[in-house]
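Encoded as structure tokens, the structure appears first; notes follow it.
Letters go in sequence order (proteins before strands), and every chain restarts at 1.
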Amino acid sequence: MEHRLQAEARLSRRHFLGGLGVAGLGLTGLASAAWSQTLPAPGEAEPAGLDAAAHARPAAFLDRVGWGASAEQLQALSRMGASAYLDAQLRAPLGPALPTDLAAQLAALPVNQPLEALMPPIVREERAIRLARKNNPQTDAAETEARLKALNRYKYALTQQAAAQQVWLGLYAQNALQQRLSWFWLNHFNVFRGGHVGPMMGDYTQRVIAPHALGRFRDLLRATMFSPQMLLYLNNAQNARGQVNENYAREVMELHTLGVGGGYTQADVTHLARALTGLGVDLLDQPVRVRPAWRADLWRRGLVVFNPARHDPDPKTVLGHTLQGRGLEEIDEVITLLADHPATARHVGTQLAQYFVADPAPPDLVEIMVRRWQATGGQIAEVLRAMFTSAAFAASLRQPQFKDPMRYVLSALRATLGGAPIRNPQPVLGMLARLGEPLFGRQTPDGYPLNALAWDGSGQLTARFEVARQIGSGAPAMFEPPPAFLRQSAPLVAGQDPGPMAAAAPKPKPKPPHRPPPDLARSPVYLAQQDQLSVATLRALAQADNRVQWNALWLSSPEFMNA
Amino acid sequence: MQRRHFLQTATAAALAAPMTRLWAAPAAQGQPKFILVFLRGAYDATNLLVPHANDFYYASRPHIAVPRPGEGADAAIALNADWALHPALRESLLPLWQAGQLAFVPFAGTRDMTRSHFETQDHIELGQGTQTRDFNDGFLNRLVQQIGARARPMAFTAQLPLSLRGTQRVPNLAIAQAGHSGIDDRQRALIESMWTGSAQGAAVREGFAVRQTVKQDMQASGWQAEMAAASRGAVAPKGFVAEAVRIGGLMRDSFNVGFIDVGGWDMHVNEASDNGAKGQLADKLAALGQGLAGMAQAMGPAWRETTVVVLSEFGRTFRENGNRGTDHGHGTVYWVLGGAVRGGRIVGEQIVQSPSTLNQNRDDPVLSDCRDLLGGLFQRLWGLRPSQIEAIFPGAKPVDLRLV
């Protein structure tokens, strides 16, 4: 009881501090979907306002509605106008539309196999290694160690393949907004690459997150809740009757849906954890045996299993609702409860506005988004449309935000690269790691921070200038042959024939053909941004001794680092 | 009612009036140095400082308890009649305890009951009163403001932590990244000129300056030799241990308020293997202990003026969960170590843990408040006035645990 009171006190304090009223919530429930679809919400910009703002600052617009401006997108924007461009980006079926070769290359990556094909051999090999160590600790020690090393290299290779895929999609996919939003959701529903999660990151990014990135929030929540990655990462795989593990139950309310001030209590966490007992993972993809009485309730899809024998059947009350169903039905009830809760619309809407528009999120804009969320049952594309067509968004193009490393690196490369796609994404992964935001590298479930203050410390700025120099030089390593991890499709053990495709012993590197550094002073993105540069920046650029230095200075300028 | 009693008769007098206002700090010999080590993820303090005389502990943790002192080679090490140290710290930190340079404060923490890592970490790092929540106003930044011109703060982290954000600019640098820079002096001057007048202008200049300082320091001190000494000829230390030794050298020469964080303590599953003396937690504690001992050694004579506080956002459930792990709890154990620390003691108000004395029959209660404790410590370290402590921790009631 005391806890609930504290939670409520905190809720009201936060709302007071944020200048947000809770009164609006009750009223907006009355607005019908039809009403909100036909009338622009108050504060919404005329489309002309958005078109004019984007026309004045096309690079800034593309920096928000995607991963940054490229020559190709600047052309599309100028041809279509901002409203039509935005509309096309918000249509989910747009697809990545990659160059054919690149699309085929990604489709063939071993990490993109179905999990049922990918994971059981890995787990079986791990078990075999454990067994060999136990049974013959002395005789086969060297061979066992070699097998273990090979397996770990393979798991690492799969994880890196998934990360490389994200880089290629970020640099070249046509549906840039959906790509950027997929990263936002990946971060919102963060999982860490350790253990068995890393090799499954291709599935998590491409099958769990991406299809729902512009869809309905409830479906996205469900997809993550029923993903082996999340179930393993936040330990719900171990959550069973009599052995309750409340890790996921807590974070799904605190981080994924309601937010920490969202009004739940320790009792809600415990009851939700009990409702989620039995939802787990079987990485070996084996038949589950249960007593006949439970067979009807047994459920599995892919590697995810709901095992009624592990489920706690006693009554539960979550957020004041007594769960009525049994087994899996309870989990469906819980998903609806969490996804449709008003605190969820506010929590997630605030984060979207903070990430895409301004930090702190403008309270009026959040109200618009919350109303749209409630009117559409949490349709993400519609909430985003309300956000991007708001007056606050058009105005924000003149108030740039400091880019986090993912935005910075991808936008700098998009401004720099043209023509044939890069062959080796490893240097890009290295830049992200160096700047503190590696893909799949956030250990804690809160995801990377979205506010500028987290990224503009003095040490981070220095590191960023060094990355600017690397990109400004053209980073020729990106055009060298693909790294070994992209070619590995099975564990390799010393002594076995690695085959022609595999990573063999390091060969002497052929010297890459000389690539002159790009001429960014004549690049479309620079020309589109040129008239917004300060005198100080123009003066510094004029003093550059050579092309690499000029490039590095432009990519180091406040105008490039903020957008 | 909770049954509370004092275990340490020696300090009972000081504890009996926990709200005692502080007296003047002892005259500082040299400039005090302070390092905060934040263990993110809530380490399992109940297995660090083991209540070895308490049968309820062993009943609550059938798979993950640390064996009683005397029960085998990996048993807990008795520190007094009630508390024992995790054996992973035998080589590294037990010598500091024996030298009277290490104290533990059990039942420490905050009033935050969300049991949320992120909420509680923020709460600690902001250290503000209950009415405000300004994410650009951390308590270590306010400390730096109060120390004034003497302060040389530094965050040894890839991102500037909340606790050091605020009106005073504080540099940050991840030691692992402090390598060679490809940017020459001319390029540096041009970059600085572009950023002059922008929100990050000062940070840009500071970043270049600090990197240069660190580079010179590390060249001058020959930190590789220090690291070899700290590992006593064993395998070259890596990860946290290597970083901590380098940080010790930098703190010795160039800085006096430092921040480090170490993540990965959230062990809901398989925290221990055979028993609490082995497994994930034991390995992490061992590395942390080696790092802290290496840092102490690298600081040389400056260790005499140094105080290190190791803390975590909260403790964990007193009982183990179904997966050889523990879930989010409340009270935790703070570590205080340094050449000037009055150690070899378990400090602060204590209880015997039992179903009726635990907080919500789940986890340790908080009997020593983070802000009160640190406020009292800062007052002694720098001889700050009560009004200055009020500026750092508004509304706190500093408690003098006579830690230094």
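- Contact of the R211(B) side chain with the E466(A) side chain is registered, since non-hydrogen atoms from C-beta on lie closer than 4.5 Å.
- In this structure, chain B has a heavy atom under 4.5 Å from the backbone of A433(A), while its side chain stays farther away.
- Atom CH2 of W550(A) and atom CG of L190(B) lie 13.0 Å apart (nearest 0.5 Å).
- Contacts between F402(A) and chain B at a heavy-atom distance below 4.5 Å involve the side chain alone, from C-beta outward.
- For R186(B), the part lying under 4.5 angstrom from a heavy atom of chain A is the side chain only.
- With respect to chain A, the highest number of heavy-atom pairs below 4.5 Å among S116(B), G325(B), A189(B), S198(B) belongs to S116(B).
- Within the 4.5 Å cutoff, no side-chain heavy atoms of Q266(A) are placed close to those of M113(B).
- Counting heavy-atom pairs closer than 4.5 Å to chain B, the top-ranked of the candidates Q443(A), E254(A), Q470(A) is E254(A).
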Show the numbers, then the answer: is there a side chain to side chain contact (heavy atoms under 4.5 Å, CB included) between N245(A) and V269(B)? CA-CA 9 Å; N245(A) 189 310; V269(B) 174; 3.9 Å; yes
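- The distance from the CD1 atom of I191(B) to the CZ atom of R469(A) is 9.0 Å, given to the nearest 0.5 Å.
- The part of E251(A) that comes within reach of chain B is its side chain, from C-beta onward, which places non-hydrogen atoms under 4.5 angstrom from that chain.
- The most heavy-atom pairs under 4.5 Å with chain B, out of L538(A), N239(A), V244(A), D456(A), come from D456(A).
- Looking at N562(A), only its side chain comes within 4.5 Å of chain B, counting heavy atoms on both sides.
- Most heavy-atom pairs under 4.5 Å with chain A: of the set R40(B), E206(B), R188(B), R205(B), this distinction falls to E206(B).
- Proximity to chain A is absent for every atom of V210(B), based on heavy atoms less than 4.5 angstrom apart.
- Taking F208(B) as the reference, F465(A) meet the ring-ring contact (aromatic ring centres under 6.0 Å, His included) condition, with sequence neighbours excluded.
- With a threshold of 4.5 angstrom between heavy atoms, Q549(A) approaches chain B through its backbone and through its side chain.
- For the atom pair D446(A) CG and E119(B) CD, the distance stands at 12.0 Å (nearest 0.5 Å).
- If you measure heavy-atom distances from L255(A) to chain B, the contacts under 4.5 Å come from the side chain alone.
- Residue contact with chain B, scored on non-hydrogen atoms closer than 4.5 Å, involves the backbone and the side chain of P445(A) alike.
- Counting only heavy atoms from C-beta outward, the side chains of L553(A) and M194(B) approach each other to under 4.5 Å.
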Report the C-alpha separation of V269(A) and R115(B) in whole Å, then their side-chain angles, then the decisive distance to 0.1 Å, and conclude whether the side chain to side chain contact (heavy atoms under 4.5 Å, CB included) test is met. CA-CA 11 Å; V269(A) 172; R115(B) 294 197 180 89; over 6 Å; no
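- Counting heavy-atom pairs under 4.5 Å between each of L533(A), L453(A), L435(A), L234(A) and chain B puts L453(A) at the top.
- Salt-bridge check for R362(B) with E246(A): passed, with a basic side-chain N closer than 4.0 Å to an acidic carboxylate O.
- A donor-acceptor pair shorter than 3.5 Å cannot be found between the side chains of Q159(B) and Q460(A).
- Contact tally against chain B (heavy-atom pairs below 4.5 Å) for S458(A), G457(A), A454(A): the top residue is S458(A).
- For N172(B), the parts lying near chain A are the backbone and the side chain together; criterion is any non-hydrogen pair under 4.5 Å.
- For the set L173(B), N323(B), I183(B), N321(B), the count of heavy-atom pairs under 4.5 angstrom toward chain A peaks at N323(B).
- Of the N and O atoms on the side chains of H268(B) and N247(A), at least one donor lies less than 3.5 Å from an acceptor on the other residue.
- Listed here is the closest heavy atom pair of A540(A) and S193(B): CB-OG, 3.9 Å.
- Among T537(A), V535(A), L541(A), the residue with the largest count of heavy-atom pairs under 4.5 Å with chain B is T537(A).
- T444(A) contributes atom OG1, which lies 15.5 Å from atom CH2 of W265(B) (distance to the nearest 0.5 angstrom).
- Residues from residues 160-169 of chain B that place a non-hydrogen atom less than 4.5 Å from a non-hydrogen atom of chain A comprise L160(B), R165(B), R169(B), given in numerical order.
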Dump the intermediate steps for side chain to side chain contact (heavy atoms under 4.5 Å, CB included) on M561(A) and W195(B), then the final yes or no. CA-CA 11 Å; M561(A) 293 217 181; W195(B) 287 83; 3.9 Å; yes
